[in-house]
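What follows is one structure encoded as structure tokens, with my remarks underneath.
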Amino acid sequence: MISEYDACLKCTICEMHCPMLRVAPEFPGPKNGGPGLARLRAAGEVAELDHLDLCLGCRTCDTVCPSGIHPADLIAVPRREKVGRRGLSLRDWVLTHTYLVGPVAVRMPRLTNGVLANRPVRWAMEKVLRIDRHKPMPRYANHSFREWFARHESPWKDRPAPNGKVAYFHGCSVQYMEPHIGRHVVEVLEHNGFEVILPEQTCCGLPIIANGDLRGAAGNGRFNLCHLRAPAEAGIPIVVSSTSCSLTLKHDYQHVLHLDGADVVARQVYDISEFLLACHEQGLLRTDFRPTQERLPYHQPCHQRAQGIGLPAVTLLNLIPGVKAWNLDAGCCGSSGTYGFKEEKYEVSMKVGEPLREALLAAGAPRAVSDCETCRWQMEYQAGIQAVHPVSVLWEAYGLGGA
């Protein structure tokens, strides 16, 4: 039987593009740590390589491989085997299960955020859990997105929406930390003639996958597929505002977790910018934008690049009269979900993100744009500028806040 790793050409294109090799030459790299290690393990010659855990999981190697290999998945195999035997460490469990804390945190956000920003508490977290004290923890909102949605009056409540229904997979960050982005998604879609429905959902499971717990992630995946399959089979598009979540629904449920029905759902999943650009190409997107003069540097998340959908956000933003948006093309932000919060990964995470920081500062704009929450948090922390979701810029340009 021919295995995936046999297709490796040893061309080293993956290594030339790997953001980790640039700052940490001790990292074995995607070629040696991916198909190279898989070949050795299959021959029974070696069990593991040192420093393999430095992999960001950015999937850049998957994107650039001319043979269609997924080195990132191959690199993750030893970690997944280890976690399968021993389970997640306490630190990794805490970092990957914030969706269990969220319902309580939004009930007492001042206390939660105050505790998580407290220096003695952060020092203790570093000593006990090895969560780096320098990296700011995400801040919880004072309400959940679904609470806002329950109060929201849809303009299509009593009549059919002209463009039909859209199901929204909002993810954890919108639900507990950035409900305003969920509001912007809903109101932009409604402005364009869509009725938004909210299927039941839990965390997409990507943080758990990234930390090696495929069994735990599969439980999340099966729950989500159970509730997303009906709209998918009805031909209802499923839009996602986090590029990490959309990649998980499009790819990981089917090709990493091998879940039944994942292919049916994946065919209906769209990144929100991808969906809105498709609407524009079909003549469905309203372009009644208010003119504004603004330069908007854009950072493309690695997990969006891995979807192969181009730069839909940049095209959309440039539809706004007076806006000049462009892709910085400065590589990975370095945060990579939970990666940058770990004490042993913090410094290398910051080094990976340095080119993006320099590009943001050179752009000289007061704010920047990115589709991924952890990218935005890293941009704000490392470059000290405001980072917003592209749908929020569209929401402003439509004048929906004033409405």
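Along the sequence shown, residues are numbered consecutively beginning with 1.
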Open item on the list: Please evaluate residues Asn211 and Lys342 with respect to the criterion side chain to side chain donor-acceptor pair (under 3.5 Å), reporting the C-alpha separation (whole Å), side-chain torsions for both, the decisive distance (0.1 Å), and the verdict.
Closed with: CA-CA 12 Å; Asn211 283 276; Lys342 301 177 181 181; 2.6 Å; yes
TODO: Side-chain contact test, heavy atoms from C-beta onward, threshold under 4.5 Å: evaluate it for Tyr381 versus His134 and give yes or no.
DONE: yes
Open item on the list: Is any side-chain heavy atom of Asp371 closer than 4.5 Å to one of Ser242?
Closed with: no
Open item on the list: Give me the atom names and distance for the closest heavy-atom approach of Gln254 to Ala266.
Closed with: OE1-CB, 4.3 Å
Open item on the list: Quick test of your reading of the model: are Arg229 and Asp260 salt-bridged, counting only N-O distances below 4.0 Å?
Closed with: no
Open item on the list: Surrounding CZ of Arg139 (heavy atoms of other residues, nucleotides or ligands, distance under 6.0 Å), is the total greater than 12?
Closed with: no
TODO: May I ask you to decide whether Glu354 forms a salt bridge with Arg357, counting only side-chain N to carboxylate O separations under 4.0 Å?
DONE: yes
Open item on the list: If the threshold is 4.0 Å, N to carboxylate O, is there a salt bridge linking Arg91 and Glu126?
Closed with: no
Task: Salt bridge Asp132-Arg122, side-chain N to carboxylate O under 4.0 Å - done: no
Open item on the list: Looking at Glu294 and Lys324, is there a salt bridge between them, counting it only when a charged N and a carboxylate O are closer than 4.0 Å?
Closed with: no
TODO: Tell me yes or no: between the side chains of Thr60 and His17, is some donor less than 3.5 Å from an acceptor?
DONE: no
- [ ] Considering only NZ, NE, NH1 and NH2 on the basic side and carboxylate oxygens on the acidic side, decide whether Arg290 and Glu396 come within less than 4.0 Å.
- [x] no
TODO: Grab the two heavy atoms, one from Ser273 and one from Pro312, that are nearest each other, plus how far apart they are.
DONE: O-CB, 3.5 Å
- [ ] Please examine the side chains of Arg41 and Val77, heavy atoms only from C-beta on, and report whether any two atoms are closer than 4.5 Å.
- [x] yes
Open item on the list: Using side-chain heavy atoms (C-beta onward) and a distance below 4.5 Å, is Tyr253 in contact with Asn224?
Closed with: yes
TODO: Assert yes or no for the condition that the ring centre distance of Tyr398 to His191 is strictly below 6.0 Å.
DONE: yes
Task: Aromatic centroids of Tyr176 and Tyr99 separated by under 6.0 Å - done: no
Task: Non-hydrogen side-chain atoms of Leu9 and Pro66 separated by less than 4.5 Å - done: yes
Open item on the list: Any carboxylate oxygen within less than 4.0 angstrom of a Lys/Arg side-chain nitrogen, looking at Arg146 and Glu200?
Closed with: yes
Task: Sole residue of Arg183, Glu190, Glu147, Lys157 in side-chain hydrogen bond (donor to acceptor under 3.5 Å, both in side chains) with His152 - done: Glu190
Open item on the list: Please confirm whether the ring centroid of Tyr168 lies under 6.0 Å from the ring centroid of Phe145.
Closed with: yes
- [ ] Run the ring-centre check on His70 versus His251 and record whether the distance is less than 6.0 Å.
- [x] yes
Open item on the list: Check this for me, if you would: do Arg79 and Asp92 make a salt bridge, where the nitrogen-to-carboxylate-oxygen distance has to be below 4.0 angstrom?
Closed with: no
TODO: Before accepting this row, confirm whether a basic side-chain N of the pair Glu274/Lys250 lies closer than 4.0 Å to the acidic partner's carboxylate O.
DONE: yes
- [ ] Would you mind reporting whether Pro78 and Leu37 have side-chain heavy atoms less than 4.5 Å apart?
- [x] yes
Open item on the list: Please determine whether the number of non-hydrogen atoms from other residues, nucleotides or ligands lying under 6.0 Å from atom CG of Asp263 exceeds 12.
Closed with: yes
Open item on the list: Do the side chains of Glu343 and Lys127 get close enough for a salt bridge, i.e. N-O under 4.0 angstrom?
Closed with: no
- [ ] Examine the side chains of Gln307 and Ser246 and answer whether a donor and an acceptor come within less than 3.5 Å of each other.
- [x] yes
